[in-house]
2 protein chains.
Amino acid sequence: MSVCDYYRRMSNDASEAWTLLFRLFVSQRGRVPQVAAEFDLSPMQAHVLRMLEPDQPLPMRTLARKLCCDASNVTGIVDRLEERGLVRRDAAPGDRRVKMLVVTSNGLEVRRRIVRRLSEAPEPIARLSATDQRALREILNRALEPGL
Amino acid sequence: MSVCDYYRRMSNDASEAWTLLFRLFVSQRGRVPQVAAEFDLSPMQAHVLRMLEPDQPLPMRTLARKLCCDASNVTGIVDRLEERGLVRRDAAPGDRRVKMLVVTSNGLEVRRRIVRRLSEAPEPIARLSATDQRALREILNRALEPGL
DNA sequence: TATTGTTATACTCTATAACTATA
DNA sequence: TATAGTTATAGAGTATAACAATA
């Protein structure tokens, strides 16, 4: 089945649900920049700090792939986080080309607070009925099941 | 279950649903840049073109507010869209300070194609059951009801 | 030869501040 | 005085290309 066929087969419900989701994204566009600014970070710096999970060192290259951006960008972003003492470049065991990103203890504290602030449901979600909130949570769990 | 527990559970559903939504956003982070690149536009240029609805001239200032950014940025973004012949600055009736943004006929065609590409539901939504897709659409309709 | 991370470059987005022309 | 849009500036994100070190 071609990609074209795949999208032709797509239901109106899927497309309309996605369009509504997109509107929700757009309406919340300011959230990450706002929370980042509270910690004197750029949106991308806050995003990267959020992606680096505690006790899970990540090669620069892998981070670049997760960010959907060129590896050269990661150098600068990590430079600035390292200057702030929030992350560290560690040597990778077994391959001297690779640098592993690790969140420092300072970084962990800032990260915890950023994650907390970003987990606060915005108004469009908060005002849904308890039933809708639960249904939404369950549907999204199924959508993201294989681990996106 | 106490009243307190009841409300704690409610807000957990909201917060968890939002966290899942956030993961979905992040997983689709590359979509706008990718589609924009197909039309040789920057992500922000594509976003602005998408926001300018046909036959609805928009003052620069209003666009700045919608973008959650300073008005000075809009000048540059619109400059580049205007150089490409996709939008036009028209005089506003009644206030000579204001410039109204209008999508040109070329711009309308590009916009139509961008909107179409972006309305294609991504894999996490497309693979949901028909029931889930419909439920998702209805819940999101309620969430965005007053017009976000 | 291929891969990882870096540097250099050019472009875009961003906020801030100062400016102009209107109101 | 206040507002709409612009300019100038500096910092940050982005892709591309070229490079050193390592595999």
Side-chain angles (χ1 to χ4, degrees), chain A residues 26 29-52 57-84 86-102, chain B residues 26 29-52 57-84 86-102:
Chain A
V26 169
R29 252 182 114 256
R31 287 267 286 169
V32 171
Q34 185 201 327
V35 170
E38 291 171 16
F39 298 91
D40 203 26
L41 292 169
S42 76
M44 182 52 71
Q45 287 161 18
H47 183 55
V48 165
L49 192 55
R50 220 190 115 275
M51 291 182 82
L52 294 175
L58 202 71
M60 308 266 293
R61 207 77 193 182
T62 308
L63 180 57
R65 268 192 296 270
K66 286 193 179 195
L67 293 173
C68 307
C69 79
D70 190 85
S72 63
N73 301 319
V74 178
T75 299
I77 296 167
V78 169
D79 280 351
R80 290 178 276 275
L81 284 171
E82 203 169 26
E83 279 165 20
R84 288 280 299 268
L86 302 176
V87 307
R88 210 176 52 227
R89 287 165 160 104
D90 277 2
D95 190 335
R96 283 193 295 175
R97 292 173 305 180
V98 176
K99 293 178 186 170
M100 305 299 278
L101 296 175
V102 181
Chain B
V26 169
R29 249 181 119 258
R31 287 268 284 168
V32 171
Q34 184 201 327
V35 171
E38 290 171 16
F39 298 92
D40 202 27
L41 293 170
S42 76
M44 182 51 69
Q45 286 160 19
H47 183 55
V48 165
L49 192 55
R50 219 190 116 275
M51 292 181 80
L52 294 175
L58 203 69
M60 309 266 293
R61 207 78 194 184
T62 309
L63 179 57
R65 269 192 296 271
K66 286 194 179 194
L67 293 174
C68 306
C69 79
D70 191 85
S72 64
N73 301 319
V74 178
T75 299
I77 296 166
V78 169
D79 280 350
R80 291 179 275 274
L81 284 171
E82 202 168 25
E83 278 164 21
R84 290 278 301 267
L86 302 175
V87 306
R88 210 175 53 226
R89 285 164 161 107
D90 276 3
D95 189 336
R96 283 193 295 175
R97 292 173 306 179
V98 177
K99 294 178 185 171
M100 305 300 279
L101 296 175
V102 181

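Residue numbering restarts at 1 for every chain, and letters A, B, ... go by the order of the sequence lines.
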Rounded to whole Å, CG of B:L41 lies from P of C:dC13 at a distance of 10 Å
Given atom CG of B:D40 and atom C1' of D:dT14, what is their separation to the nearest angstrom? 14 Å
Can you list the residues that meet the salt bridge (charged side-chain N to carboxylate O under 4.0 Å, His left out) rule with A:R89, with sequence neighbours excluded? A:D79, A:E82
Any donor-acceptor pair under 3.5 Å linking the side chain of A:R29 with the backbone of B:L67? yes
Just to confirm, is there a sub-4.0 Å distance from OP1 or OP2 of D:dT22 to any side-chain nitrogen or oxygen of A:R61? no
Please write out each protein N/O paired with an N/O of nucleotides 15-20 of chain D under 3.5 Å, distance rounded to 0.1 Å.
from: D:dA15; atom 1: OP2; to: A:D70; atom 2: N; distance (Å): 2.9
from: D:dA15; atom 1: OP2; to: A:N73; atom 2: ND2; distance (Å): 2.7
from: D:dA15; atom 1: N7; to: A:N73; atom 2: OD1; distance (Å): 3.1
from: D:dT16; atom 1: O4; to: A:S72; atom 2: OG; distance (Å): 2.7

Between C:dC13 atom P and B:L49 atom CG, what is the distance in whole Å? 13 Å
Listed partners of B:R97 passing side chain to side chain donor-acceptor pair (under 3.5 Å), at least two apart: B:D95
To the nearest 0.5 Å, atom CD1 of B:I77 lies from atom CE of B:M60 at 9.0 Å
Is the phosphate of C:dT6, meaning OP1 or OP2, less than 4.0 Å from a side-chain N or O of A:R89? yes
Could you state the CD-C1' distance from B:Q34 to D:dT14, rounded to the nearest angstrom? 16 Å
Any residue of residues 74-82 of chain A with a heavy atom less than 4.0 Å from an atom of DNA chain D: A:I77, A:R80
Side-chain touch B:R61/B:V98, heavy atoms, less than 4.5 angstrom: no
May I have the distance from A:M60 (atom CE) to C:dT3 (atom C1'), rounded to whole angstrom? 14 Å
Comparing B:T62 with A:L67, nearest DNA chain D nucleotide closer to 5' gives the residue B:T62
Measure all distances between protein nitrogen or oxygen atoms and nitrogen or oxygen atoms of nucleotides 21-23 of chain C, and list the pairs falling under 3.5 Å.
from: C:dA23; atom 1: OP1; to: B:R96; atom 2: N; distance (Å): 3.0

Can you confirm whether A:R88 sits close enough to A:L101 that some side-chain heavy atom of one is under 4.5 Å from a side-chain heavy atom of the other? no
Minimum heavy-atom distance between B:M100 and B:A91, given as atom pair plus value: CG-O, 4.0 Å
Taken to the nearest whole Å, CD/B:Q45 to P/C:dT14 is 11 Å
Residues 40-52 of chain B side chain polar contacts: donor-acceptor under 3.5 Å, at least two apart:
from: B:S42; atom 1: OG; to: B:Q45; atom 2: N; distance (Å): 3.1
from: B:Q45; atom 1: OE1; to: B:S42; atom 2: N; distance (Å): 3.2

Between P of C:dT12 and CE of A:M44, the distance in whole Å: 18 Å
Side-chain heavy-atom pair B:D90, B:K99 within 4.5 angstrom cut-off: no
Roughly how many Å is it from CG in A:D90 to P in C:dT4, rounded to a whole number? 18 Å
